[in-house]
Protein chains: 2
Amino acid sequence: MNVAERSERMKQALRDAGVRMTRQRQALLRVLATAEDHPNAVELHRRVESQVPGISLSTVYRTLAALEEQGVIHRHQFEGTPARFEHSETEHHDHMIDIDTGKVVEFCSDRIERLQAEIAAELGYDIVHHRMELYVRKKKRT
Amino acid sequence: MNVAERSERMKQALRDAGVRMTRQRQALLRVLATAEDHPNAVELHRRVESQVPGISLSTVYRTLAALEEQGVIHRHQFEGTPARFEHSETEHHDHMIDIDTGKVVEFCSDRIERLQAEIAAELGYDIVHHRMELYVRKKKRT
DNA sequence: ATGGCTGCAAAGTGTTTGCATAGAC
DNA sequence: GTCTATGCAAACACTTTGCAGCCAT
């Protein structure tokens, strides 16, 4: 899980797509490659600002849109919160959100994915993408 | 699936909760009870206006919030669209959204639900609610 | 050099809220 | 009569956009 490598791969993917490599973008890529959580645009802006003082929030938004378009990052729209982002070098997974703490846990189930595909197929559809979120609460031990 | 009955039951649930029954609310309840689709606030406002001319959009929003709080309706936040609503007398189900047409298909899988509960339980969580959306496209026959 | 990228401010979209009045109980 | 619900307009949170100058290529 080498962060520098990951950042480099993301950069390369963009260059290949003919996207210009500005200071702002390099910094945002680095922040995204490093992030272990699921930060939103404002939080990303905050983190990038230490590397590129004065970078504007619109640039962050614009760059995020571009990165999403290139498939380099994923955008998640959880309930009642601004959009959150994560680099897409992670394996595909879904999210469990602790409604008390806001903590996000990743998980993946091949069996569920298979069932989803089956259900769609039965109705004559192909799944382009899906979204599955479990809003959960710590089991109370009684 | 009697619409009048459904509307009546929703009304009763509200009265029991001590919510005042205004013309506006009765009309909105009627529209919601009748709706076969998943209308958003603006569309609901449009439909209610024929019964209560001059009703304001804020009233629709406020009433929807109240109805949701009472558990009488559900709010769905699909990707890139305003929130959509449906009365909660339907059985629990999830949604498949045709990304080309916007059409919403309902479906339900006990097996998936069971797997979800298992996964959450393994990590020490109870599911409070979940959200599963399949963004699909008609299979092309080649 | 040129055309995409940036910062700024302004606009946009969907939704919520403060206030004075109207109307359900 | 009381107190909640309404309509209006203004505020809100998040995100996008128009524009003039900047900078990667």
Side-chain angles (χ1 to χ4, degrees), chain A residues 10-31 38-46 48-70 72-85 102, chain B residues 10-32 38-70 72-85 102:
Chain A
M10 292 166 82
K11 203 145 114 186
Q12 198 52 52
L14 290 177
R15 258 202 264 271
D16 292 350
V19 172
R20 290 192 183 173
M21 260 311 145
T22 61
R23 245 168 342 117
Q24 291 82 335
R25 287 179 177 173
Q26 303 212 42
L28 186 52
L29 278 177
R30 233 174 293 128
V31 168
H38 298 74
N40 62 31
V42 171
E43 174 61 17
L44 287 168
H45 180 243
R46 213 183 53 65
V48 170
E49 245 183 337
S50 58
Q51 304 187 34
V52 186
I55 182 174
S56 93
L57 183 54
S58 356
T59 296
V60 171
Y61 272 113
R62 269 190 286 235
T63 305
L64 287 171
L67 299 187
E68 190 188 10
E69 186 138 359
Q70 296 303 327
V72 167
I73 61 171
H74 290 307
R75 173 192 303 257
H76 301 297
Q77 188 58 257
F78 301 142
E79 289 182 0
T81 66
R84 296 157 155 247
F85 302 84
Chain B
M10 291 165 83
K11 203 145 115 186
Q12 198 52 52
L14 291 176
R15 257 200 264 272
D16 292 350
V19 173
R20 290 192 182 171
M21 258 312 144
T22 62
R23 244 170 342 117
Q24 291 81 336
R25 287 178 176 175
Q26 303 212 41
L28 187 51
L29 278 177
R30 234 175 292 127
V31 168
L32 281 164
H38 299 73
N40 61 31
V42 171
E43 173 62 18
L44 287 168
H45 179 244
R46 214 184 53 64
R47 296 187 194 173
V48 170
E49 245 183 337
S50 57
Q51 303 186 34
V52 186
I55 183 175
S56 94
L57 184 54
S58 357
T59 296
V60 171
Y61 272 113
R62 270 190 286 235
T63 305
L64 287 171
L67 298 187
E68 191 188 9
E69 187 138 359
Q70 297 303 325
V72 167
I73 60 170
H74 289 307
R75 174 191 302 254
H76 300 296
Q77 189 59 258
F78 300 142
E79 289 182 0
T81 67
R84 295 157 155 248
F85 302 84

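Note on naming: letters A, B, ... go to the chains in the order of the sequence lines (proteins, then strands), and numbering restarts at 1 for each one. What you see below is based on every heavy atom in this structure, not just the backbone, and it leaves out hydrogens, waters and symmetry mates.
- In this structure, NE2 of B:H76 is placed 18 Å from P of C:dG14, rounded to the nearest angstrom.
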Response to the item:
Nucleotide by nucleotide, nucleotides 15-25 of chain D touches protein heavy atoms under 4.0 Å in the pattern (B base, S sugar-phosphate only, - none) BBBB-----BS

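- If you measure from atom CG of B:L64 to atom C1' of D:dT6, you get 15 Å, rounded to the nearest angstrom.
- No salt bridge links B:E49 with B:R46; every basic N to acidic carboxylate O contact stays at or beyond 4.0 Å.
- Nearest approach of B:G102 to B:R84, heavy atoms of both residues: O-NH2, 4.3 Å.
- When rounded to the nearest whole Å, the span between CD of B:Q26 and P of C:dG23 equals 15 Å.
- Between B:F78 atom CZ and C:dG14 atom P there is a gap of 16 Å when expressed in whole angstrom units.
- Distance CD (B:Q70) to P (D:dA5): 11 Å, rounded to an integer number of Å.
- Within a 6.0 Å sphere centred on CD of A:E69, other residues, nucleotides and ligands contribute 12 heavy atoms or fewer.
- Nearest heavy-atom pair, B:I73 versus B:F85, reported as atom, atom and distance to 0.1 Å: CD1-CD2, 3.8 Å.
- Heavy atoms of other residues, nucleotides or ligands lying less than 6.0 angstrom from CD of B:E79 number more than 12.
- Per the geometry, CG belonging to B:L14 stands 11 Å off P belonging to C:dC25, to the nearest Å.
- As a whole-Å value, the separation of B:L44 CG from C:dG14 P is 14 Å.
- Going from atom NE2 of A:H45 over to atom C1' of D:dC14 covers 14 Å, rounded to whole Å.
- A close approach under 4.0 Å does not occur between any side-chain nitrogen or oxygen of B:S56 and OP1 or OP2 of D:dC8.
- Every ring pair (Phe, Tyr, Trp, His ring centres under 6.0 Å) that A:H38 has, sequence neighbours left out, goes to A:H95.
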